[in-house]
2 protein chains.
Amino acid sequence: MGMPADERLGLDIKRAEQTLMAAKQAAIRPAGLTVPQYAALFALAGNPGISGAALARACLVTPQAMTVVLKNLEERGFIERSPHPWHRNVLETRLTEPGRAALEAADDRAVVIERAIEAEFTSDERAALRELLARCNSAVARVAREL
Amino acid sequence: MGMPADERLGLDIKRAEQTLMAAKQAAIRPAGLTVPQYAALFALAGNPGISGAALARACLVTPQAMTVVLKNLEERGFIERSPHPWHRNVLETRLTEPGRAALEAADDRAVVIERAIEAEFTSDERAALRELLARCNSAVARVAREL
DNA sequence: CCCAGGTTATCAAAGCTTTGATAACCATCA
DNA sequence: TGATGGTTATCAAAGCTTTGATAACCTGGG
C-alpha cells in the first residue's frame, strides 16, 4: 500500500470522533434518545417550525435520513408536524413539551462530555485544535470538490 | 440549554470527521467499495487469516457489523473464509486476488485525501494536531468510563 | 400566462450499526 | 476430570444512512 497506516492523520481524526460519539451515545442513551435524535431535537429547539429538508441540512444528513429520525420522534410524541399554511407541501416541525424535556435531559448528560474536553485543554490549546481542524476541513473539502 | 453550541469542541471534531468521511467515500466509491468494506480489506491485508471478531476490533466496530460487511465482501469474491483447522469455531478470512486488486484501486484513490491533509500542514502542525486529538481522546475515554 | 428551476416530501432498495441473546469451542485452574 | 472464563460465530430486532427516482409545490423570468 502506498502510505503507512500510522502516517494517515485521517485515522487519528476518525478515532477521536469515534470515541467521542461512543461516549455521547452512552451518555444520551439513558435519556431515551439516540445521537441523531438528540441532534435533531437540538437543532429544532433553535429553529421552531423548520422544514424537514432544512433540518437535514442543519444536521449534515440527507433528507431521507432525517425523515426516518423524525418519524421515530413523532411516534414517541417528541415532535409535532403540521402542514405549512401557505406552502402546502411543507411540513412544519415543532418540539412538544415532552420533546423539550427529553432534549434537556439528554443535553444535561451530553454536556458532561463537552466539559471534560474543555477541561483537558487550556484556552490556547482549544483555539489551536479548532484552527487545525478547520484547516484540515478546508483542505479535505477542497480536494473533494476537484475529485 | 446549558452550553452554547459554538463552544462545543465536539462539533468541530464531528464536522472534520464528517467532511473527511464524505470525501473518502466519494473517492473510494468508483473503485466499487464502501468505506467499511475498504477498512476491512485494509486490515485484512495486514493480518491474513484473522478472525471476524478480531477484524471487528481492528476496525472499531461490533462483530455483528463486521459479519455483514464480510458477508457482502464474500458474495463479491473479495475474500475467502475457511474453518480454522484446530479451532473449528473460528473462520479464517483471507483476501482473494480480486480482493487485493480492489483494495489497491481504492487505496490509490483514498491516499489522495490523506496527501491533501498532509500537504496542508507543516510537520510541527501535524504533530500538534495528533497530540491534541490524542489528549481529547483520553479525556473522553476517561469520562466515558466513569459514566 | 406559462414554464423552468429550485425546494419539499416520499417510496424503494441496499447497506451499515447497535443491543441483546444464544450456542459452541478452547484454555486454565481447582 | 470438571468447572469457569474468555473467545468465536450467529440469529433477531431496531435504527440510521445512502443512492436513486418520483411527485407536488412555489417563485421568478420570458
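Because only heavy atoms are used, hydrogens play no part in the values below, and waters and symmetry mates are left out as well, while side chains stay in. Letters A, B, ... mirror the listed sequences (proteins, then strands); counts begin at 1.
The distance from atom CD of A/Gln25 to atom C1' of C/dT19 is 10 Å, rounded to the nearest whole Å. The nearest whole Å value for the distance from the CG atom in B/Leu33 to the P atom in C/dA14 is 19 Å. Note: CD (A/Gln37) to P (C/dT18) measures 16 Å, nearest angstrom. Per the geometry, CD belonging to B/Glu75 stands 7 Å off P belonging to C/dG15, to the nearest Å. Separating the CE atom of B/Met21 from the C1' atom of C/dC16 is a distance of 14 Å, rounded to the nearest angstrom. Between the C1' atom of C/dC16 and the CG atom of B/Leu60 lies a distance of 15 Å, rounded to the nearest Å. Here the P atom of nucleotide D/dT8 and the CD atom of B/Glu92 are 13 Å apart, to the nearest Å. Between the CG atom of B/Leu70 and the P atom of C/dC16 there is a distance of 10 Å, given to the nearest Å.
Applying the salt bridge (Lys or Arg N to Asp or Glu O under 4.0 Å) rule to A/Arg15 yields the partners A/Asp12; only residues at least two apart in sequence or on another chain are considered. Partners of A/Thr96 by side-chain contact (heavy atoms from CB on, under 4.5 Å), not counting sequence neighbours, listed by chain and number: A/Glu80, A/Pro98. With sequence neighbours excluded, the residues satisfying side-chain contact (heavy atoms from CB on, under 4.5 Å) with B/Glu131 are B/Arg135. Residues forming a salt bridge (Lys or Arg N to Asp or Glu O under 4.0 Å) with A/Arg94 (at least two apart in sequence, or on another chain): A/Glu92. Under the salt bridge (Lys or Arg N to Asp or Glu O under 4.0 Å) criterion, A/Glu75 pairs with A/Lys71, not counting sequence neighbours. B/Thr122 pairs by the side-chain contact (heavy atoms from CB on, under 4.5 Å) definition with B/Asp124, B/Glu125, not counting sequence neighbours. Considering only residues two or more places apart in sequence or on other chains, A/Arg115 meets the salt bridge (Lys or Arg N to Asp or Glu O under 4.0 Å) condition with A/Glu118.
Using a 4.0 Å cut-off, no side-chain N or O of B/Thr62 falls inside it from OP1 or OP2 of C/dT19.
Within residues 49-58 of chain B, the residues approached by DNA chain D to less than 4.0 Å at the level of any non-hydrogen atom are B/Ser51, B/Gly52, B/Ala53, B/Arg57, in residue-number order.
Side-chain contact between A/Leu133 and B/Leu129: present, with at least one pair of heavy atoms (C-beta onward) separated by less than 4.5 Å.
Nearest-nucleotide positions on DNA chain D place B/Thr67 closer to the 5' end than the other of A/Asn72 and B/Thr67. With the nearest nucleotide of DNA chain C identified for both A/Arg81 and B/Pro36, A/Arg81 has the one nearer the 5' end. Take the nearest nucleotide of DNA chain C for B/Val61 and for B/Lys71: the residue whose nucleotide is more 5' is B/Lys71. Mapped onto DNA chain D by nearest heavy atom, B/Pro63 and A/Pro63 fall at different nucleotides, with B/Pro63 at the one closer to the 5' end.
Checked against D/dG15, C/dT17, D/dA9, the side chain of B/Val69 finds its nearest nucleotide in C/dT17. Comparing C/dC16, C/dT18, D/dT17 against the side chain of A/Ala65 picks out D/dT17 as the nearest. Distance from the side chain of A/Val68 is smallest for D/dC16 among the nucleotides D/dA9, D/dC16, C/dT10. For A/Leu91, whose side chain is taken as the heavy atoms from C-beta onward, the closest listed nucleotide among C/dA9, D/dT17, C/dT17 is C/dA9.
Remark: side-chain polar atoms of B/Arg8 are not paired, donor with acceptor, to backbone N or O of A/Glu114 under 3.5 angstrom.
The side chain to side chain contact (heavy atoms under 4.5 Å, CB included) test with B/Gln37 is passed by exactly one of B/Leu73, B/Leu70, B/Ile28: B/Leu73.
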Report, one pair per line, the protein and nucleotides 20-22 of chain D atoms (nitrogen or oxygen only) whose separation is under 3.5 Å.
unit_1	atom_1	unit_2	atom_2	d
D/dG20	O6	A/Gln64	NE2	2.6

